[in-house]
Amino acid sequence: MRWRLLALLAWPAMAMAQEAPPGASTCLGCHASTRTDAAIPSLRGRDPADVAEAMRAFREGRRPATLMDRLAKGFSEEESQAIAAWIVR
Amino acid sequence: MKLTRRALPMLLAAPALAQAVPKVVVIGGGFGGTSCARALQGHGIAVTLVEARETYTSCPFSNAVIAGLRPISTLRFGYEGLRRAGITVVHGTATGVAGREVVLGDGTRLPFDRLVVSPGITLRFDALPGYSEAASETLPHAWQAGAQTELLARQLNAMEDGGTVIMTVPENPYRCPPGPYERASLIAYFLKTRKPRSKLLVLDAKDAFSKQRLFEAAWAALYPGILEYVPLSGGGKVTGVDVGARRVTTDFGDHDGAVINVIPPQRAGDLARVLAVADRSLWCPIDPESFESRLVPGVHVIGDAAIAGAMPKSAFAANAQGRVCAAAVAALLRGTPVQTPRLLNTCYSLVAPGYGISIAGVYRPANGLLTDVPGAGGTSPLNAPPTTREAEAHYAEDWFQTITTDAFG
Ligand SMILES: Cc1cc2nc3c(=O)[nH]c(=O)nc-3n(C[C@H](O)[C@H](O)[C@H](O)COP(=O)(O)OP(=O)(O)OC[C@H]3O[C@@H](n4cnc5c(N)ncnc54)[C@H](O)[C@@H]3O)c2cc1C
C-alpha cells in the first residue's frame with residue numbers, strides 16, 4: 001500500500017529514472033540481472049569501462065566470441081558506452 | 001520491489017509532479033506480453049495482463065521434446081511470478097474493446113489508457129486443402145506447443161522402424177523461421193539413434209531458408225541417407241493432404257508417411273482481427289518506433305502478430321519488442337518524446353544435442369519499418385570447431401533459462 005501511494009505521488013519522475021539507452025534493454029534477454037548461475041554472465045556491478053572495452057574488442061574482432069562480435073557491430077563507440085553505463089546498474 | 005527501491009530518492013524529490021498512475025492492459029501472456037507487462041510495471045505503470053490459459057507451454061525447446069531429449073514439464077510456466085511482481089493477472093479471453101475498456105468473454109471490463117496486444121498466431125487450417133483442426137489430431141502441426149507437441153512425440157515413438165516421416169513447411173512469413181529446420185534436424189537425430197532404418201522427408205514451399213548453409217552442412221555430415229530435403233523448385237510445395245490415407249500431395253506427385261507433421265500457413269492471432277489491427281496481409285502494421293498500430297491509435301502490437309520488417313517472429317524478438325514497447329508507452333503516457341529504438345534478435349537452433357548454431361541481427365527503424373543495421377548480425381561461421389557448436393548449444397540452454405525467468409519469474 002505504501003509503495004503504491006508513493007508511486008501515485010510522482011509517477012512521471014519515476015518513469016524518467018528508468019530510461020535505457022537504445023539497444024540496452026535487449027541485452028538483458030541474455031545477460032540476466034537476477035540469475036547468478038548463468039553461463040552468459042550478468043553485467044550488473046561491473047565497471048562500465050570494462051564493459052565498453054569488451055564491446056569495443058568484440059566489435060573489432062579482438063576478443064574471441066561465438067556471438068557477441070555479431071551483436072557488438074550494431075553499435076558505435078558512443079552507443080556502446082551509453083549501454084555500458086546503464087547495464088551495470 | 002527492486003525497481004521501487006531504486007527509484008525512491010526520485011520519488012521523494014518530485015512530489016510536485018503528482019499525477020495519477022496510468023493504466024495499461026496487456027492481452028496475451030506469451031513471451032511478448034509477459035515481458036511487456038513486467039517492463040511496464042518497472043516504469044511504475046499499473047498493469048493488468050489478460051491471458052486465456054493458466055499454464056503457458058513454450059515453443060522454444062519444444063523440438064527437443066518431440067525428439068525425446070527433454071520432458072515437456074520443463075516448458076511449462078505459470079503466472080504466479082507475475083502476480084508476485086505486482087501485476088494483476090486475469091485469466092479470460094479478450095473478445096473486444098469498447099471505448100477505453102477491454103471486454104472479456106465473461107463480460108468483465110478492464111479500463112486502460114493504452115492497450116498492448118501480443119496474441120501470437122492463429123493457424124490457417126483453411127489454407128491447405130484436406131487439413132483442418134480435426135485433421136491435426138491425426139497429422140499434428142505441433143506449432144503451438146502443448147498437447148500437439150506430445151502427440152507428435154508419441155507418434156514418432158510408436159512408429160515402426162523403417163517408416164517414413166514427412167514434414168511440410170510453409171512459405172514466409174511464419175512463426176520462428178529456423179524452427180522447421182531445427183525440428184527436421186532433431187527428428188533425424190531421433191531416427192538415427194532410435195529407428196535407423198527410417199527416413200525423414202522435408203517438403204518445403206520455398207527455396208531458401210534461415211541458416212540454410214549451416215543446416216545443410218550439418219545434415220550432410222550427421223544425417224546422410226536419413227534426411228531428404230525437397231525445396232519448392234524440386235516439388236516441395238504441398239498442395240493438399242489426405243488424412244485418412246496419411247498422404248500429402250505436391251505438384252510433382254504424392255508422398256505417403258507413417259507420421260506426418262503439417263506446419264500450416266499462419267496469420268496474426270484472432271484477436272488482431274477482432275480489434276481491426278490486422279491489414280490485408282493478415283498481420284499487423286505498426287510504427288517501428290513505438291509499436292503502436294498503424295490502424296488503431298492507442299493500441300500497440302508486439303510479437304509474432306506484428307509486421308516487424310527484418311525482425312523475425314521469435315520469442316527473443318517478442319521479448320525485445322515487449323521491453324521497447326513498454327518504454328514507448330511510458331513516454332507517450334508521460335507526454336515525452338519516444339526514443340528511437342535499437343533492437344536485437346538471436347535465434348539459436350540445435351541440430352543435434354551439443355551442436356548449436358545461431359543467427360543474430362540488430363535492427364532500427366528506417367522508412368517506416370524495422371531494418372537490419374548494416375555490418376551487424378549474421379550466422380555462426382560455417383567452419384567452426386566442435387567446441388564452438390558445443391558452446392552455442394550451451395548458450396542456447398542458458399538463454400532459455402534467462403528468457404523464461406525474465407518472462408515468468
Ligand atoms: C517449434 C518452435 C520452436 C521455436 N523455437 C524458438 C526459439 O528457439 N527461439 C525463439 O526465440 N523463438 C522460438 N519460437 C518462436 C516463439 O515461440 C514465438 O515467436 C513466440 O512465442 C511469440 O510470442 P508472442 O507473445 O507473440 O505469442 P505467444 O507466445 O503465442 O503468446 C500469445 C498468448 O496470447 C494468448 N491469447 C491470444 N489471444 C488471446 C485473447 N483473445 N485473450 C486472452 N489471451 C489470448 C495465448 O493464449 C498465448 O498465451 C519457436 C516456435 C516454434 C513453433
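Below, chain A is the first sequence line, B the second, and so on; all start at residue 1.
Across P22(A) and P341(B), no two heavy atoms sit closer than the pair CB-C, 4.4 Å. Taking each heavy atom of T66(A) and T388(B) in turn, the nearest pair found is CG2-CG2, 4.1 Å. Taking every heavy atom of both residues into account, S25(A) and V324(B) meet most closely at OG-CG2, 4.3 Å. Considering every non-hydrogen atom in both G361(B) and L71(A), the closest pair reads O-CD2, 4.2 Å. Between A32(A) and T402(B) the shortest heavy-atom distance is CB-CG2, 3.5 Å. G29(A) and W399(B) get closest at one heavy-atom pair: O-CD1, 3.5 Å.
Heavy atoms of T340(B) lying under 4.5 Å from chain A belong exclusively to its backbone. With a 4.5 Å cut-off on non-hydrogen atoms, Y348(B) touches chain A through its side chain but not through its backbone. With a 4.5 Å cut-off on non-hydrogen atoms, F316(B) touches chain A through its side chain but not through its backbone. Proximity to chain A is limited to the backbone of I359(B), based on heavy atoms less than 4.5 angstrom apart. When heavy atoms are compared at a cutoff of 4.5 Å, Q339(B) approaches chain A solely by way of its side chain, counted from C-beta outward.
Contact count against chain B (heavy-atom pairs under 4.5 Å) is highest for R35(A) among R35(A), R59(A), H31(A). Comparing A391(B), G335(B), S380(B) by heavy-atom pairs within less than 4.5 Å of chain A, the highest count is held by S380(B). Of the listed residues (L67(A), D69(A), D37(A)), the one with the most heavy-atom contacts under 4.5 Å to chain B is L67(A). Counting heavy-atom pairs closer than 4.5 Å to chain A, the top residue among S358(B), A327(B), G322(B) is S358(B).
Enclosure of atom CG in D47(A) by more than 12 non-hydrogen atoms of other residues, nucleotides or ligands within 6.0 angstrom is indicated.
T26(A) contributes atom OG1, which lies 10.0 Å from atom CD of Q321(B) (distance to the nearest 0.5 angstrom).
For the pair E392(B) and R70(A), the salt-bridge criterion is met [side-chain N within less than 4.0 Å of a carboxylate O].
Contact of the L28(A) side chain with the R323(B) side chain is registered, since non-hydrogen atoms from C-beta on lie closer than 4.5 Å.
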